[in-house]
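The next block holds one structure in the form of structure tokens; read it before the comments.
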Amino acid sequence: MDGPHGDQKQYGSAHGKGHEDCSRVCVTERVRQKKDSGTEKVNKDFLDVMLEYEGDGKEGPDKISESNVTIIIMEMFFSGSDTTSSTIEWAMAELLRNPNSMRKVKEEINSVVGLYGKVEEKNMDQLPYLQAVVKENLILHPALPLLLPRNEMHDSSYMGYQIHKCL
């Protein structure tokens, strides 16, 4: 779906190559580190678990290939960055449409972190208006429902249109 930024295809392909290269390098580097160290890592992260996965071969693969791990990591980058950037773009579009709200957000941020300061998580309790703007934006433009498939549980009617239950 296009957001206020326009066509998603061009944006996705430009970022896709960078994410793919980064993911491949991260996976390859981790495999090399594991071979070089020869010891079992105590604190494992998601990438370690994916690379060490060994299934029973009945319901899935015996092992997840490096190529598939790279794809999984890349998809995680895409899904996280796309929803975040889309949410920020919609928030900015809404603030541009409402100059009074934009002014209030700017004043609140300037009073807490200064004119050239950087908003950090530790500042969020002091930024109630910004929090309200973010929450309102998520109500108006939710990212999650666009990503999840939805099915009708029963036949229904909406604005004169019949919507049939999905099988």
Side-chain angles (χ1 to χ4, degrees), residues 1-37 39-53 64-151:
M1 179 174 166
D2 291 344
H5 57 280
D7 189 7
Q8 195 82 13
K9 291 176 189 167
Q10 185 178 13
Y11 171 80
S13 65
H15 276 63
K17 184 68 175 145
H19 284 310
E20 183 178 353
D21 291 344
C22 179
S23 300
R24 186 176 295 113
V25 167
C26 290
V27 171
T28 304
E29 180 65 20
R30 187 65 61 89
V31 169
R32 186 192 61 72
Q33 286 174 350
K34 185 177 178 186
K35 285 178 184 174
D36 290 350
S37 73
T39 60
E40 187 76 14
K41 220 173 150 183
V42 176
N43 295 324
K44 296 178 183 178
D45 60 18
F46 180 75
L47 182 54
D48 294 322
V49 173
M50 293 292 291
L51 290 169
E52 293 175 6
Y53 171 81
I64 301 173
S65 70
E66 286 182 38
S67 175
N68 284 344
V69 170
T70 300
I71 291 168
I72 292 167
I73 298 297
M74 192 172 71
E75 287 296 321
M76 290 177 66
F77 276 122
F78 269 133
S79 62
S81 63
D82 186 47
T83 55
T84 302
S85 64
S86 179
T87 299
I88 291 169
E89 288 170 358
W90 277 115
M92 290 306 297
E94 291 295 342
L95 287 170
L96 288 170
R97 288 176 21 153
N98 190 334
N100 289 333
S101 293
M102 174 74 91
R103 181 184 45 75
K104 288 180 185 178
V105 168
K106 286 170 69 175
E107 287 173 358
E108 183 178 72
I109 290 172
N110 289 342
S111 72
V112 173
V113 298
L115 189 58
Y116 299 104
K118 183 175 166 185
V119 175
E120 296 180 14
E121 188 175 353
K122 66 183 180 184
N123 306 120
M124 291 311 294
D125 288 339
Q126 300 167 304
L127 299 167
Y129 192 79
L130 177 62
Q131 287 184 36
V133 167
V134 170
K135 289 175 185 175
E136 184 69 19
N137 182 63
L138 290 170
I139 290 168
L140 293 172
H141 308 287
L144 190 59
L146 302 175
L147 304 175
L148 299 174
R150 296 176 296 281
N151 293 326

Excluding sequence neighbours, so at least two apart, what forms side-chain contact (heavy atoms from CB on, under 4.5 Å) with S65?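 Only S67, N68 meet the side-chain contact (heavy atoms from CB on, under 4.5 Å) criterion with S65.
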Side-chain donor-acceptor pairs under 3.5 Å in residues 122-140, sequence neighbours left out?
from: N123; atom 1: OD1; to: E120; atom 2: N; distance (Å): 2.8
from: Y129; atom 1: OH; to: S101; atom 2: OG; distance (Å): 3.2
from: Q131; atom 1: NE2; to: M124; atom 2: O; distance (Å): 2.4
from: N137; atom 1: OD1; to: A91; atom 2: N; distance (Å): 3.2
from: N137; atom 1: ND2; to: T87; atom 2: O; distance (Å): 3.1

Can you run down the salt bridge (charged side-chain N to carboxylate O under 4.0 Å, His left out) pairs that involve residues 91-101, sequence neighbours left out, and say none if there aren't any?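 Residue pairs with at least one partner in residues 91-101: E94-R97.
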Please, which pairs that meet salt bridge (charged side-chain N to carboxylate O under 4.0 Å, His left out) have at least one residue in residues 106-118, sequence neighbours excluded?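 Applying salt bridge (charged side-chain N to carboxylate O under 4.0 Å, His left out) to every pair that reaches into residues 106-118, excluding sequence neighbours, yields R103-E107.
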Atom pair CD (E66) and CD1 (I71), whose distance is rounded to the nearest 0.5 Å: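 That separation rounds to 12.0 Å.
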Approximate separation, where rounding is to 0.5 Å, of K104 NZ and N98 CG: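 Interatomic distance, K104 NZ to N98 CG, rounded to 0.5 Å: 8.5 Å.
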So L51 and I64, do their side chains get closer than 4.5 Å, heavy atoms only?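 The answer is no; the side chains never approach within 4.5 Å.
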Within-4.5 Å side-chain heavy-atom neighbours: W90 and L95: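 Not touching, per the 4.5 Å side-chain cut-off.
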Report the residues that fulfil side chain to side chain donor-acceptor pair (under 3.5 Å) with [X], sequence neighbours left out, ordered by chain and then residue number.
{"X": "K44", "answer": "E40, E52"}
{"X": "D45", "answer": "R30"}
{"X": "N100", "answer": "none"}

